[in-house]
Amino acid sequence: MGIRLGAIADDFTGATDLANNLVRAGMRVVQLIDVPEDGGYGLAADADAVVIALKSRTAPVAEAVAASLRALAWLRGAGAEQVYFKYCSTFDSTPAGNIGPVAEALMDALGTDFTVATPAFPDNGRTVFKGHLFVGDVLLSESGMRDHPLTPMTDSNLVKVLGAQTTRPVGLIDHAVLAGGAGAVRARIAELRSQGVAFAIVDAVSNDDLVRLGEAVRDLPLVTAGSGLAIGLPMNWGLQPSSAAAELPPASGHRAVISGSVSTATNGQVRAFLDTGRPAFAVDPLRIAAGEDVAGSALAFAGAHLADGPVLIYSTEAPETVRGVQSRLGAAEAGALVEGALAEVARGLVARGVRRLVVAGGETSGAVVKALGITGLRIGPQIDPGVPWCAATLPEGQTLHIALKSGNFGGPDFFSAAFALLEPA
Ligand SMILES: Nc1ncnc2c1ncn2[C@@H]1O[C@H](COP(=O)(O)OP(=O)(O)OP(=O)(O)O)[C@@H](O)[C@H]1O
Ligand SMILES: O=C(O)[C@@H](O)C(=O)CO
């Protein structure tokens, strides 16, 4: 039997976030790192859903479209009955805008003239009302996303934002329709379709809204959303939440955290870890730039402390410190130096017996997973909203438990909570 749902995610930690919500709603999920090169369908054996993680969010439009179509072809080969295009819950898009063109290309390839679009994820404070996206209590355009270096979001009106990214008409399914249940949503979809509307932004302020929407879109070949809509889809295949969907092999081996994230949430989590007095090593980009073997020093430090419990290797710093480094080295160069060093640290930690690894930061996660040669992840139990433990089979055959944390996700004691979750009950 093939998979039920096939998903294409436009970034790495976003893919894990989606997979996590699907698992919580009862699906067994495998996340693939990019499209497998030669078949690779064995990776999807016994999965209900496969999420393919791309790096297409900020790629040039033509590249994002081509990668998404490659992923679609693989998912159809795996038997996917419905396709889910996952983007960020803050609808991150460059001014050129990849969400519209990718969605259009997927619609054309699937031969469908209509789809829905909603980044709502109420559990993480993302809600859509009258087509406007809120982040916590403020409009998207008044949130920190306004100043994002790659994807600044200065308009909260998603009908307008998506409308600027597509030649096709964009409409709205508003909260009053959602309140009427799945039947009312289906009727509104039929109405919009008859008017030639191709995309409907959908309001959702609660998980109940997303469950109603999930039921209503059961027969659409393509849905587009943040990770929130995932909670309403598995039940369309008769699947119910169950802990069995999140089962991973038992975990053992040394524990470590690698943090290359510079976000506010991660800064707090690193501080909380340091406050516990556990061993921690700071990676300084300026020392790497000066030619010092910082990764080697970090590994020597870790080697001396791994037996005592989790070790943290981090480059996480407050925004003003990061800006200072970036002004001396250039932002891209600083990022590349740190990612290279942390990737080497990851390889060295695994060689020293680390089998439970937490990684903080989307770019950092991508660099670490690539360095470790991981091609697929089995998704396990949730640590905090959007972040599950996963199990990966390393190229040498060992199992590595790994958690990939998006910068802004997780509570203040995330690192300790993560390891506690893996302890036998
Ligand atoms: N001290 C530092 N100085 C300069 N750049 C750094 C420093 N520490 C990390 N970086 C770089 O900053 C970038 C952080 O991106 P990353 O995606 O890993 O984390 P994030 O942006 O906080 O999280 P997310 O993208 O998941 O929201 C990486 O390229 C990383 O190498
Ligand atoms: O939807 C989100 O906010 C996250 O899954 C994400 O995409 C992080 O980059």
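Order of listing sets the numbers, starting from 1, for every ligand and every atom in it.
For atom 18 (O) of ligand 1, the closest non-hydrogen atom on the protein side is Thr364 OG1, 2.6 Å. Atom 13 (C) of ligand 1 has its closest protein heavy atom at Gly260 O, 4.1 Å. Scanning the protein for heavy atoms near atom 29 (O) of ligand 1, the closest one is Glu339 OE2, 2.5 Å. For atom 8 (N) of ligand 1, the nearest protein heavy atom (residue, atom name, distance) is Ser315 OG, 2.9 Å. Scanning the protein for heavy atoms near atom 7 (O) of ligand 2, the closest one is Arg57 NH2, 2.7 Å. Protein heavy atom nearest atom 25 (O) of ligand 1, with residue, atom name and distance: Gly362 N, 3.7 Å. If you check which protein heavy atom lies closest to atom 24 (P) of ligand 1, you get Gly407 N, 3.4 Å.
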Apply side chain to side chain contact (heavy atoms under 4.5 Å, CB included) to residues Val338 and Leu342 and explain how you reach the verdict.
CA-CA 6 Å; Val338 173; Leu342 294 182; 3.7 Å; yes
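Checked against a 3.5 angstrom limit, the closest N/O atoms of Lys86 and ligand 2 fall inside it. Any N or O atom pair closer than 3.5 Å counts here, and Gly335 shares at least one such pair with ligand 1. The shortest N/O to N/O separation between Asp11 and ligand 2 falls below 3.5 Å. Distances between N or O atoms of Val322 and those of ligand 1 include no value under 3.5 Å. Backbone and side-chain nitrogen or oxygen atoms of Asn408 are examined, and none is located within less than 3.5 angstrom of a nitrogen or oxygen of ligand 1. In terms of N/O distances under 3.5 Å, ligand 1 is not approached by Glu317. Distances between N or O atoms of Glu363 and those of ligand 1 include at least one value under 3.5 Å.
Ser141 and Ser156 share a donor-acceptor pair across their side chains, judged by distance under 3.5 Å alone. Using modelled atom types and a 3.5 Å distance limit, the side chains of Thr266 and Lys405 yield a donor-acceptor pair. Side-chain contact of Gln165 with Ser93: a donor-acceptor pair under 3.5 Å is present, judged by distance alone. A donor-acceptor pair shorter than 3.5 Å can be found between the side chains of Ser263 and Ser261. Side chains of Gln382 and Trp389: no donor on one and acceptor on the other come within 3.5 Å. Inspection of the Asn98 and Asp10 side chains reveals no N or O donor paired with an N or O acceptor under 3.5 Å.
The shortest heavy-atom contact between Leu162 and Ala117 is CD2-CB, 4.1 Å.
Under the 4.0 Å criterion applied to side-chain N and carboxylate O atoms, Lys55 and Glu363 are assigned as salt-bridge partners. Looking at Asp137 and Arg126, no side-chain N of the basic residue comes within less than 4.0 Å of a carboxylate O on the acidic one, giving no salt bridge. Arg378 has a carboxylate O that lies under 4.0 Å from a charged side-chain N of Asp46, or vice versa, which qualifies the two as a salt bridge.
Annotation for ligand 2: atoms under 4.0 Å from non-hydrogen atoms of Ser406 are 8 (C). Within the listing of ligand 2, atoms 1 (O), 2 (C), 3 (O) sit less than 4.0 angstrom from a heavy atom of Ser89. Near Val338, meaning under 4.0 Å from one of its heavy atoms, ligand 1 places the atoms 9 (C), 31 (O). Atoms of ligand 1 found under 4.0 Å from any heavy atom of Ser406, numbered from 1 in the order shown, are 26 (O). If you number the atoms of ligand 1 from 1 as listed, the ones under 4.0 Å from a heavy atom of Ser263 come out as 22 (O). Near Ser261, meaning under 4.0 Å from any of its heavy atoms, are these atoms of ligand 1: 19 (O), 20 (P), 22 (O). For ligand 1, the atoms lying closer than 4.0 Å to a non-hydrogen atom of Val325 are 3 (N), 4 (C). With ligand atoms numbered from 1 in the order given, ligand 2 contributes 1 (O), 2 (C), 4 (C), 5 (O) to contacts under 4.0 Å with heavy atoms of Asp17. For ligand 2, the atoms closer than 4.0 angstrom to any heavy atom of Gly14 are 5 (O), 6 (C), 7 (O).
Using cut-offs of 30° and 60° for the angle between ring planes, the Tyr41 and Trp74 rings count as parallel.
Only the side chain of Pro285 comes within 4.0 Å of ligand 1, counting heavy atoms alone; its backbone N, CA, C and O stay farther away. Contacts between Val262 and ligand 1, counted as non-hydrogen atom pairs separated by less than 4.0 Å, involve both the backbone and the side chain.
If you run side chain to side chain donor-acceptor pair (under 3.5 Å) between Tyr87 and each of Asp92, Thr224, Asp11, only Thr224 comes through.
For Phe409, the closest heavy-atom approach to ligand 2 falls below 4.0 Å.
A distance of 11.0 Å separates CG of Leu220 from CG of Leu110, quoted to the nearest 0.5 Å.
For Phe419 and Phe415, the distance between ring centers is not under 6.0 angstrom.
Side-chain atoms of Asn20 never come within 3.5 Å of backbone atoms of Thr16 as a donor-acceptor pair (strictly under, hydrogens ignored).
There is a protein heavy atom closer than 4.0 angstrom to atom 16 (P) of ligand 1.
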